[in-house]
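In what follows, every chain begins at residue 1, and chains take the letters A, B, ... in the order their sequences are listed.
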Amino acid sequence: MVVKNKTKVYVGMSGGVDSSLAASLLVEQGYDVTGVYMKNWTKDLPGAKCPWADDLADAKRVAVKLGINFKVFDFENEYKHKVVDYMIGEYIKGNTPNPDIMCNQEVKFKLFLETALADGADMIATGHYARTKDSKLLMAVDTNKDQTYFLYRITDDALSKTLFPIGEFTKPTVRKMAAERGLSTAAKKDSQGICFVGQVGIRDFLGLYVDQKPGDIIDKKSGKVLGHHDGAIFFTLGQRHGMELGGSLPYYVVGKDMDKNEVYVTTDLNDETLWRKTIVLSDVNWINEVPPIGVYKIRVRHRAPLIESTLSFSDENVIFELENPQRAVATGQSVVIYDGEICLGGGIVF
RNA sequence: UGGGGUGUCGCCAAGUGGUAAGGCACCGGCUUUUGGUGCCGGCAUUCGGGGGUUCGAAUCCCUCCACCCCAG
């Protein structure tokens, strides 16, 4: 006997397996479930058709199967402003932003939440691999798929109104459970890359919004001009490809000057600017209270191993002294802090 | 046509008698809800052309061709 739960939950359904199963589990748990497809991006890009219509169809198919209400929230304008424009703006400043984190902060756990609540929802849910407990954000049971890295900018309030139904399961289990329930998305390939960029690649995507601007590629050690690029904006720290440089070893980007429009490279894998032992974060978000000074585990990029690091503060900024230097930590990227399995928050590399 | 130099995969580039490194680019695949990285596989039976020496040459010799620099 399923106990009827009158709580109304709006679950974001992307058309993938994870959110499909999330919706299914919520139904089984007795919630009053409404599936919502967020229409964030619909434009086709050169060489890549936007799959939004197919994704929408997949989401709806699952909703019908589950017998739940289904809605489409059109966030295309807001998404463009809050995520795409932010991303482009950061690149113009010379940073390397993480648009998916901004998407979660501004769209999924703000706009979607607000819109759902206004529409009568009590809570929202998504298919993220994460868990909540006592108003804390916890890593997913499947540490290999954990997505808390992308969620660290969520607010306490949003978190208290959010469910992550699949956070208790591993990806293989999720697929198995989806298949057992006859969900049509059970075997659908995982999405990857920025949702709206897809297969196009950031380089080509940016190229649609930014003019090309020829500049020099300079060897950091010798100061020699090794080649030319179409704009420093297209390069990021640690990058190896896209420079068409010959030689005997691969060249890596170790810096750039946006004003001079110069990109600096080296073949030295141990170059000092390629490795960071001290990381300063700005624009920090703490999910609960501000943690005390001490040693924590941090993650420098999605799926990167948790590494030991010492937290301290300086004015508005947070400083981390790393146990071991990390490679290619670019400004604009995010670092997320953990205490055991609890995600405490994070900030943007300064 | 006096002197010097160089010609190795689309590009860069190792290799100076022992049976063609590597990088970039490209193609395919893996990893991945950010950038980037990384990994696997493919990619010159052939070293500007032609002769010769040698068991064996991209590597030595001869010759031709092309390009570059200096001198004009």
*Asks:* Taking all non-hydrogen atoms of both residues into account, name the closest pair between A:G238 and A:Y252 and its distance.
*Replies:*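 So the two residues come closest at O-CD2, 3.5 Å.
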
*Asks:* Within the pair A:Y252 and B:C24, is there a side-chain N or O less than 4.0 Å away from OP1 or OP2?
*Replies:*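 For A:Y252, the contact criterion (side-chain N or O under 4.0 Å from OP1 or OP2 of B:C24) is not met.
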
*Asks:* Does A:H241 have a side-chain nitrogen or oxygen under 4.0 Å from the phosphate oxygens OP1 or OP2 of B:G36?
*Replies:*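 No, no such contact exists.
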
*Asks:* Paired with B:C67: which nucleotide, if any, by Watson-Crick or G-U wobble criteria at under 3.5 Å for both distances?
*Replies:*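 B:C67 is paired, partner B:G5.
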
*Asks:* Taking only the side-chain nitrogens and oxygens of A:K108, find out if one of them lies under 4.0 Å from OP1 or OP2 of B:U33.
*Replies:*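 False: A:K108 side-chain N/O out of range (4.0 Å or more) of B:U33 OP1/OP2.
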
*Asks:* Between A:L206 (CG) and B:G36 (C1'), how many Å, whole number?
*Replies:*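 Distance check: A:L206 CG to B:G36 C1' gives 14 Å.
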
*Asks:* Search all heavy atoms of A:S309 against all heavy atoms of A:F320 and return the closest pair with its distance.
*Replies:*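 Taking A:S309 first and A:F320 second, the nearest heavy atoms are OG-CD2, 2.9 Å.
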
*Asks:* Assess whether atom NZ of A:K80 is packed by more than 12 heavy atoms of other residues, nucleotides or ligands within 6.0 Å.
*Replies:*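 Yes, enclosed.
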
*Asks:* Does A:G242 reach a base, just sugar-phosphate, or nothing at all? Heavy atoms under 4.0 Å.
*Replies:*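 A:G242: backbone/sugar contact only, no base atoms under 4.0 Å.
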
*Asks:* Remember a base hit wins even if backbone is also touched, and classify A:Q333 as base, sugar-phosphate or nothing at under 4.0 Å, heavy atoms.
*Replies:*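 The residue A:Q333 makes base contact.
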
*Asks:* Determine all donor-acceptor pairs shorter than 3.5 Å in which one atom belongs to a side chain in residues 47-55 of chain A; sequence neighbours excluded.
*Replies:*
residue, atom, partner, partner atom, Å
A:D55, OD1, A:K188, NZ, 2.8

*Asks:* At under 4.0 Å, does any side-chain N or O of A:R240 touch on OP1 or OP2 of B:C24?
*Replies:*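 Yes.
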
*Asks:* For A:P97 and A:R327, find the nucleotide of RNA chain B closest to each by heavy atoms; which residue's nucleotide sits nearer the 5' end?
*Replies:*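 Looking at the nearest nucleotide for each, A:P97 comes out on the 5' side.
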
*Asks:* Quick one: is B:G35 close enough that its OP1 or OP2 comes under 4.0 Å of any side-chain N or O from A:R203?
*Replies:*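 Looking at the OP1 and OP2 atoms of B:G35, neither is under 4.0 Å from any side-chain N or O of A:R203.
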
*Asks:* Compare side-chain N and O positions of A:H302 against OP1 and OP2 of B:U33 and report whether any pair is under 4.0 Å apart.
*Replies:*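 Indeed, a polar side-chain atom of A:H302 lies that close.
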
